[in-house]
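Accompanying notes for the structure given below.
We use all heavy atoms of the structure for the numbers below, so side chains are in, but hydrogens, waters and symmetry mates are not.
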Number of protein chains: 2
Amino acid sequence: MSRRRDQLVTTALRLFSQNGFRATGIDLILREAGVAKKTLYNHFGSKEALVVAVLDKRHADFMATTRMTVARLAPRQRGDPRMRRPLAFFDGLDAWFTSGSFHGCLFINASAEYARSDCPIHQVCVSHKVRLLDTLESLLSEMPHANVRDMAQAVGLLADGAIVRAHTAGELHAARSAKRAVRRLLESYL
Amino acid sequence: MSRRRDQLVTTALRLFSQNGFRATGIDLILREAGVAKKTLYNHFGSKEALVVAVLDKRHADFMATTRMTVARLAPRQRGDPRMRRPLAFFDGLDAWFTSGSFHGCLFINASAEYARSDCPIHQVCVSHKVRLLDTLESLLSEMPHANVRDMAQAVGLLADGAIVRAHTAGELHAARSAKRAVRRLLESYL
DNA sequence: CCAAAAATAGACAGATCTGTATACTTTAAG
DNA sequence: CTTAAAGTATACAGATCTGTCTATTTTTGG
């Protein structure tokens with residue numbers, strides 16, 4: 001809808017990712033976005049609302065990227081065809097980690113800064129993680145369906161673990177470790 | 001050594017865990033610890049140094065708790081005896097998550113708030129995660145040693161993933177999901 | 001017991017942050 | 001073209017935060 005609104009959300013997404021939420025002041029976002037303060041407070045009533053909008057955008061972007069990446073990389077996976085899509089998901093993580101613009105999972109970071117579970121920001125993070133698990137289940141839908149739930153849990157844990165390791169410990173190859181574990185784990189279900 | 005210093009670190013550890021680092025002001029720490037501001041700046045030259053001291057204490061506490069918990073819970077694990085200690089580690093995570101005083105991994109949270117990799121705080125987090133991997137390797141030392149490195153990587157990812165899920169998504173049973181995955185994964189190495 | 005070290009209370013400086021208000025300018029739709 | 005909506009620039013209020021300084025009191029080691 002609004003071009004100014006998009007500029008604000010896009011700029012805030014970048015700055016929040018790079019420097020954290022509380023460490024990023026409104027004034028910096030405004031300066032880098034080239035937007036006046038009043039415009040921000042017309043679109044969003046508060047910084048908290050802007051954070052929520054940023055997380056919503058990040059969720060949409062992540063889901064779209066995931067869909068595209070899995071579709072592109074699944075055909076070139078080796079091994080049982082039923083494992084191709086979940087394995088491709090980890091190639092997507094690998095590309096993300098090594099892209100040079102990786103700053104960890106924005107939802108994990110937001111949960112760390114806004115820890116209280118009754119905070120709207122925290123609830124958006126819960127929602128993202130739940131929907132991500134649904135996505136993983138759908139990627140696993142070709143596997144023996146009796147264990148899809150268990151597999152999705154395990155794969156989700158390995159994905160979150162890889163994101164955390166890559167960010168906190170700087171191990172940018174974490175996605176490849178995770179992919180090896182996923183392959184071994186899924187093979188045990190075939 | 002100093003009683004005041006310990007009060008400051010202990011109080012700051014609690015407040016940083018509950019509310020985050022940047023959201024916790026010096027004045028609150030001082031009030032709750034019952035210590036004067038000058039005393040803090042005599043022991044630590046800055047808030048950043050206090051954060052580092054808190055993370056050092058947390059690392060020591062975590063390692064001590066892990067050692068004790070694994071020693072106590074390993075004997076009651078079912079399955080191959082060589083898997084007992086790594087499995088017991090996840091029972092320790094489960095007890096932590098459901099203890100009522102779980103606020104995520106302090107090092108993951110610190111990395112989220114102090115994102116720049118040249119920041120001393122971030123480096124303490126890297127160091128913690130590296131030492132944790134060493135610990136996991138030692139817990140896996142009874143497993144076939146050719147694959148200890150790979151197994152420790154996978155188990156570490158599942159542990160970090162469980163911590164993140166439990167905190168960000170509020171899934172306090174995440175440690176049990178992770179433990180099931182670890183059991184299955186380690187069995188594939190026997 | 002006494003002197004040096006450590007701690008206290010509290011004011012204060014200087015910076016920063018969120019959010020509001022004002023006065024002016026641009027944009028866009030009928 | 002005109003008018004109402006939206007945006008700009010900027011000052012400002014009020015709160016908060018880190019860190020310093022002073023003057024006083026408590027603790028502690030020899």
Seminar exercise, completed: Ordered by number, residues from residues 24-46 of chain B within less than 4.0 Å of DNA chain D (heavy atoms) are B:Thr24, B:Gly25, B:Ile26, B:Asp27, B:Lys37, B:Lys38, B:Tyr41, B:Ser46
Exercise. Would a 4.5 Å heavy-atom cut-off, applied to side chains only, mark A:Lys179 and A:Asp94 as touching?
Worked result: no
Exercise. Between A:Pro86 and A:Leu186, is any pair of side-chain heavy atoms under 4.5 Å apart?
Worked result: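 Side-chain contact under 4.5 Å: yes.
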For this session: Return each pair, listed once, that meets salt bridge (charged side-chain N to carboxylate O under 4.0 Å, His left out) where at least one residue sits in residues 40-59 of chain A; pairs must be two or more places apart or across chains.
Result: A:Lys57-A:Asp61
Scan [range] for pairs that pass side chain to side chain donor-acceptor pair (under 3.5 Å), counting only residues two or more places apart or in two chains.
range: residues 116-127 of chain B; value: B:Arg116-B:Asp118, B:Ser127-B:Arg131
range: residues 65-75 of chain A; value: none
range: residues 96-105 of chain B; value: B:Ser99-B:Ser101

Taking distance alone, no hydrogens or angles, what donor-acceptor pairs closer than 3.5 Å link side-chain atoms of residues 20-29 of chain A to residues at least two apart or in another chain?
from    : atom 1 : to       : atom 2 : distance (Å)
A:Arg22 : NH1    : A:Glu113 : O      : 2.6
A:Thr24 : OG1    : A:Leu15  : O      : 3.4
A:Thr24 : OG1    : A:Gly20  : O      : 2.6
A:Asp27 : OD1    : A:Lys37  : NZ     : 3.2

Problem set entry | End axis versus end axis in the helix from C:dC1-D:dG30 to C:dG30-D:dC1, the angle rounded to 10°, five pairs used at each terminus | 30°
Problem set entry | Matching residue for B:Leu106 among B:Ser111, B:Cys125, B:Ser17 - test: side chain to side chain contact (heavy atoms under 4.5 Å, CB included) | B:Ser17
Problem set entry | A:Thr11 side chain to A:Leu8 backbone, donor-acceptor under 3.5 Å | no
Exercise. Which nucleotide span of DNA chain D, 5' end to 3' end, has atoms closer than 4.0 Å to non-hydrogen atoms of chain B?
Worked result: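 Footprint of chain B along DNA chain D, 5' to 3': D:dT18 to D:dT22.
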Problem set entry | A:Arg5: side-chain contact (heavy atoms from CB on, under 4.5 Å) partners, not counting sequence neighbours |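 Applying side-chain contact (heavy atoms from CB on, under 4.5 Å) to A:Arg5 gives A:Ser2, A:His43, A:Phe44, A:Ala53.
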Contacts table for residues 152-161 of chain B: side-chain donor-acceptor under 3.5 angstrom, sequence neighbours left out:
from     : atom 1 : to       : atom 2 : distance (Å)
B:Asp160 : OD1    : B:Lys129 : NZ     : 2.8
B:Asp160 : OD2    : A:Arg165 : NE     : 3.3

For this session: Just grab all the ring pair (Phe, Tyr, Trp, His ring centres under 6.0 Å) pairs involving residues 59-82 of chain B, residues at least two apart or on different chains.
Result: B:His59-B:His128, B:Phe62-B:His128
Got a list of protein N/O to nucleotides 25-30 of chain C N/O distances below 3.5 Å?
none

